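Comments concern the structure below.
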Amino acid sequence: MEVVVADNAGFCFGVKRAIKMATDTLDEAQGPVKSLGQLIHNPQVVNLFHRRGLEVVSDLTELAPDGTVVIRSHGVGPEVHEQATSRGLKVVDTTCPFVTKAQQYAAKLIAENYKVVMIGDAHHPEVIGVVAHTQGKAIVIDTVEEAEKLKFIPRMGVVFQTTHSIGHVQEVVGALLKRGKEVRVFNTLCGATTSMQKTAVELAPSVDAMVIIGGRQSANTAQLAEVCRKVNPRVHQVESSEEIDPSWFTGVRRVGVSAGASTPDEVIAEVVARLTDLEPGQARSA
Ligand code: SF4
């Protein structure tokens, strides 16, 4: 089967940076090194780091006072940094610069007496971290319906989860404009995700089906699949080549591939190899 890989598929610079910082830390640290939450939302990479000794913890109390904690690219609230300092931990902060910007804008808006509205998934670690930078005062919404239900806000400041699609935030901001008098919007979308979504959406209508590769917990992978589905309903999301079901490709001659920002090149290569091996137009269940 013919396979076309979208430009910008896979690791973004923020993830590459986090991986490099974690690798360097493991190479150089004297004591134990632990990651507060999974370093990135990709099981293969997390397993690889686990084998190298990077244990995932959910709480700083799981670290001994001489330990090193790696803060992942999604970032954390200021209270986590304070707690790490008070426990005497060494902190390696891999927070992506795009996320840091969103945290700074949210904190600035609160300091200037705006009510902050964040458009994002309230359960996502990045969003939890940004909200913490507003002393927990930000409201999180993710849909037009939720925006329409808000009470009127005279001074509203808006930030976005970095990995959201531009089309989605435009719709929600449109609804928010009716709920506020002064509405100040900071575009905190990540440039890497926006480019990745753009190239995948350009490719999707020219192929019979799309395969999106990435961790099931990865927000940017879910967004990538969603924006592609709007232009081609035949979109399948997988974490690895083993999940590919040949029956998905019955009648398919040309398939497009893209991958979330935390997907390693090797995983993309394995998926492409598996798809290339399928007979064009005749794929059947294994
Ligand atoms: S997807 Fe964007 S915000 Fe997230 S780590 Fe990559 S560059 Fe940073």
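Keep in mind that what you see is a predicted model, and the values were worked out from it rather than measured. No hydrogens, no waters, no symmetry mates; every other heavy atom, side chains included, goes into these values. As the structure lists them, so they are numbered: ligands from 1, and atoms in each ligand from 1.
The aromatic rings of H41 and H74 sit tilted, their planes meeting at an angle between 30° and 60°.
I110 is not connected to L176 by any chain of hydrophobic side-chain contacts under 4.5 Å among Ile, Leu, Val, Met, Phe, Trp and Tyr, and they are in different clusters.
The number of protein N/O/S atoms found under 2.8 Å from atom 8 (Fe) of ligand 1 is 1.
When V267, V4, V3 are each tested for a side chain to side chain contact (heavy atoms under 4.5 Å, CB included) with V272, only one passes: V3.
Looking at heavy atoms from C-beta onward, H124 lies in side-chain contact with Q161 at the 4.5 angstrom threshold.
Figure legend: R155 and Y114 shown as a cation-pi pair, the cationic atom lying under 6.0 angstrom from the six-membered ring centre and within 45 degrees of its axis.
Between M21 atom CE and S73 atom OG the span is 10.5 Å, to the nearest 0.5 Å.
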